[in-house]
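Since the structure comes first, as structure tokens, the remarks are kept for the end.
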Amino acid sequence: MKGVKLTKDKLPKFQIYTNHVFVPKQPPFSATIQFLASNKQLFTKEALVLPEDGIFQVPRHFSLAAEYHESFVFLKRLFHALYSDKYDWITLDYSNCEKIDLDASVCMDTLVDQFFRHINLCRHRRAPRKCLGLKPINFKKHEEVYKVLFSIGAFKNFSPIQAKFDDIIPFPLLKGDNSSPTLASDKEIETTKIVDYIVESLSSMNRSLTWQAEDNLSKVVGEALINAAEHSGHQYRYSIGYFQHTYDEIAKTLNAGTFNLVIFDFGNTIYEKFKSAEATGLEVVSQMKQLSQAYTAKSLFKTRKFEEETLWTLYSLQEGVTSVPDKQRGNGSIRFIESFFNLKGDNQHDNQSFLTIISGNTRITFDGQYPLIEVERGNQKQFYKMMTFNESGKIEDLPDEKYVNFTDHFFPGTMIVAKICITFNNIENDSATS
């Protein structure tokens with residue numbers, strides 16, 4: 001009897017089953033990762049080349065507010081390395097890193113957290129995923145880097161190994177839900193946690209904020225949180241901080257300290273929010289368009305350091321401006337910027353305190369060099385507070401490019417970076433210890 005040539009169609013059902021290997025499908029990325037991956041100008045337009053050995057050098061000064069070029073390039077390379085699943089392990093080399101600011105640290109940690117969740121989900125479902133995680137090396141070379149990593153950064157968030165430092169009191173990451181039906185009360189709870197944290201930090205030095213300073217701080221944080229919820233268009237907002245004592249080497253005593261705070265979200269930029277369909281018809285949008293026409297007529301958009309996005313973002317910070325229809329609050333961001341600087345006792349430039357807003361390609365930094373001004377607007381003799389960042393005090397004139405500028409680096413959302421230097425001018429002895 002001649003043999004029968006078997007084909008796949010003629011194989012017995014049992015053989016067909018045993019010859020087929022079932023491979024679980026990889027679960028989808030989170031909405032945040034999908035949103036970031038779809039953004040063609042994410043962090044930087046610069047062409048990227050990933051290292052063959054999987055070793056990524058952390059920038060010398062890892063900061064989105066201070067040294068943004070190298071920092072944004074690093075973030076994009078790391079994002080694509082995790083997204084492409086190119087490596088078994090990704091190595092973060094801190095040998096050249098001398099300083100890490102909170103803004104870059106929390107941005108990286110949030111991205112890593114999103115990917116770690118996906119990796120763990122793949123493992124749970126036995127779905128294919130090449131990358132096993134991150135390996136940091138040379139992180140003990142610089143003390144300040146080591147402190148940030150272990151007190152508030154990646155090691156604090158992803159490692160069971162933690163360390164405490166006498167001069168740092170960390171404030172853990174808060175994750176707020178913008179879609180929560182109890183958004184207003186949630187915001188109040190978040191605000192209270194942050195303010196209470198600062199009060200407790202000062203209490204560790206037998207000091208306390210004056211009631212005026214504490215009230216102003218509540219305004220700073222509360223306004224920032226609600227703005228993040230209104231502008232984002234995505235589900236989550238984040239806030240994180242740390243208080244670092246200042247030690248007087250001569251007097252051998254603690255000399256107040258510095259509170260670092262970052263509030264941010266991934267989603268719509270401020271410019272995108274005002275350009276959206278839901279903002280169409282708002283009086284403020286009409287005013288922005290008129291202002292754009294005036295700038296165009298004077299050829300002020302010809303420089304790449306200032307474009308319409310920069311102008312609209314700057315205008316959105318002024319008092320009386322809001323992107324939410326029928327919203328009566330309309331203080332923009334200027335009130336909490338003013339309250340922020342009141343924490344240090346005045347609105348003067350001190351080379352230490354600053355507040356930077358990063359949204360899309362726009363960067364705006366307030367440090368007291370250009371004071372807030374009051375301008376009469378309309379026919380009702382109403383005065384509004386403004387910040388124009390120029391000598392003329394007119395929003396129709398170009399601002400100082402040192403403080404307001406358009407860059408090639410794109411942040412997909414809005415981030416507020418604050419550094420509050422609290423001195424003895426605005427703190428008083430705790431009555432229980434004085």
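Numbers here are sequence positions counted from 1. Since this is a predicted model, take the numbers as computed values, not measurements.
- Remark: of the listed residues Q114, H118, R117, Q114 is the sole one forming a side chain to side chain donor-acceptor pair (under 3.5 Å) with S30.
- For an aromatic pair to be called close, the ring centres must be under 6.0 Å apart, and Y295 with F306 satisfies this.
- Aromatic ring orientation, F43 versus F411: tilted (interplanar angle from 30° to 60°).
- Ring centers of F35 and F266: at least 6.0 Å apart, outside the cut-off.
- The neighbour count for D53 CG, taken as heavy atoms of other residues, nucleotides or ligands under 6.0 Å away, is above 12.
- Residues passing the ring-ring contact (aromatic ring centres under 6.0 Å, His included) test with F115 are F29, F79, sequence neighbours excluded.
- No option in L82, L78, L36 other than L36 meets the side chain to side chain contact (heavy atoms under 4.5 Å, CB included) test with L111.
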Check: Given S292 and W312, is the side chain to side chain donor-acceptor pair (under 3.5 Å) satisfied, shown in steps?
Finding: CA-CA 8 Å; S292 289; W312 285 33; 2.7 Å; yes

Validation: residues 98-108 side-chain donor-acceptor distances under 3.5 Å, sequence neighbours left out:
residue: D101; atom: OD1; partner: H61; partner atom: NE2; Å: 3.4
residue: D101; atom: OD2; partner: H61; partner atom: NE2; Å: 3.0
residue: D101; atom: OD2; partner: S63; partner atom: OG; Å: 2.8
residue: D103; atom: OD1; partner: L64; partner atom: N; Å: 3.4
residue: D103; atom: OD2; partner: L64; partner atom: N; Å: 3.3
residue: D103; atom: OD2; partner: A65; partner atom: N; Å: 2.9

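- Salt-bridge formation is not detected for the pair E272/K275: no Lys NZ or Arg NE/NH1/NH2 atom is positioned less than 4.0 Å from an Asp or Glu carboxylate oxygen.
- With a 6.0 Å radius and a threshold of 12 heavy atoms from other residues, nucleotides or ligands, K402 has its NZ atom at or below the threshold.
- Within 6.0 Å of the NZ atom in K193, the count of heavy atoms belonging to other residues, nucleotides or ligands does not exceed 12.
- A donor-acceptor distance shorter than 3.5 angstrom exists from the side chain of S359 to the backbone of G413, with no hydrogens or angles considered.
- With a 6.0 Å radius and a threshold of 12 heavy atoms from other residues, nucleotides or ligands, Q34 has its CD atom above the threshold.
- For residues 170-192, the set of pairs meeting the salt bridge (charged side-chain N to carboxylate O under 4.0 Å, His left out) definition, not counting sequence neighbours, comprises E190-R237.
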